[in-house]
Amino acid sequence: MSIKDNYLTLADGNQMPQEGFGLYKVDGQQTMNDAIQNAYNDGYRLFDTAQLYGNEDAVGTAFKQLDIPRDQIFVTTKVAEENQGYDKAIASVKESLKKLQMDYVDLLLVHWPIERSFFETWQAFEDMKKEGLTKSIGVSNFEMIHLQYLATQANEMPVVDQVELHPLLTQKPLLKFNQEHHIITQAWSPLGRGAVLGEDVLKEIAAAHGKSTAQVILRWHLQCGVSFIPKSVHEARIAQNADIYDFKLSSAEMEKINALNKYQRTGDEPELVYEYNQQY
Ligand code: A2P
């Protein structure tokens, strides 16, 4: 198995690469082109952007300039809080597609749960899928309570829930809930924005396998069965993060990594974003 042929099947029947490439904070056309070219050469096929990242146009231009065929890639974007609501969400996705120079995205996510327009936004997502603007629909930063609430009115449930997930925030109850409801959990900040790379436990495991601590963390995600989208703008790290398919962590090593959990977030608390109707 390699990054290039490792796909998960979503509840709607579509296939999604398990490991993808995060584009948060990848800015500037040249940096974008280099990062996407390196990632594509290394076998990454999933590219994850968002309206909030402000780089959808650079992403679209990169794919065009690099001559990467549309059917070879899986593209995710996310609707920002200010664009939630039925009409606004649809208008904003049409704008995103223009910037991305694409007719459709593979996966469209609600970026954060907010109280305002909670159900209207999801209705728009269901309709956009029917219209072909996206192949699959999902959410990001939804906790169990948000998914349960959504289920009271949704005709179709999200197939992906992209959340902050790394060894300092293992989210085991949410993972279990998502699994039971056929929702693929996808980890953003899979490396904890670097906060976890220096942990002694990880260094020991890395040394035993002749790998880096980043590779050990990504392998842990892989074996947990979640999807994950590491980000780097450095060629060697992009390659390293894809090179995790030639070793295996033992169950004892998996348990040691699970035990690093400290409920520690690097990003916002979804419950508060929901209440305030915005990131804070
Ligand atoms: P850079 O882009 O300068 O390489 P996360 O995906 O958890 O948000 O973490 C991303 C951060 O980790 C970025 O700051 C990225 O920096 C850094 N990073 C990505 N891959 C590696 C790696 N293999 N080793 C060390 N740092 C990495």
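Because the structure is predicted, anything quoted here is derived from the model rather than measured. Note that ligands are numbered from 1 as they come in the structure, with each ligand's atoms numbered from 1 the same way.
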| request: Measure centre to centre between the rings of Trp122 and Phe119, then say whether the value is under 6.0 Å. | output: no
| query | Just which atoms of ligand 1 are under 4.0 Å from any heavy atom in Gln240? | reply | 22 (C), 23 (N)
| request: Among all protein heavy atoms, pick the one closest to atom 5 (P) of ligand 1 and tell me residue, atom and distance. | output: Ser189 CA, 3.5 Å
| message | Under 4.0 Å from a heavy atom of Leu197: which atoms of ligand 1 are those, numbered in the order shown and with their elements? | response | 25 (C), 26 (N)
| query | Are Asp57 and Lys98 ion-paired here, with the side-chain N under 4.0 Å from a carboxylate O? | reply | no
| task | Assess Pro190 for proximity to ligand 1: is some non-hydrogen atom of it under 4.0 Å away? | result | yes
| query | Short list, please: which atoms of ligand 1 are under 4.0 Å from a heavy atom of His234? | reply | 1 (P), 3 (O), 4 (O)
| query | What residue and heavy atom of the protein are closest to atom 16 (O) of ligand 1, and at what distance? | reply | Arg237 NH1, 3.4 Å
| request: Write out the residue and atom name of the closest protein heavy atom to atom 12 (O) of ligand 1, then the distance separating them to 0.1 Å. | output: Leu191 CD1, 4.2 Å
| query | Can Arg219 be said to sit on top of Phe247's aromatic six-ring, NZ or CZ under 6.0 Å from centre and within 45° of the ring axis? | reply | yes
| query | Nearest protein heavy atom to atom 15 (C) of ligand 1, by residue and atom, and its distance? | reply | Lys231 O, 3.6 Å
| Heavy atom of Gly192, distance to ligand 1 below 4.0 Å | yes
| task | Specify the protein heavy atom at minimum distance from atom 20 (N) of ligand 1: its residue, its atom name, and the distance to 0.1 Å. | result | Asn241 ND2, 3.0 Å
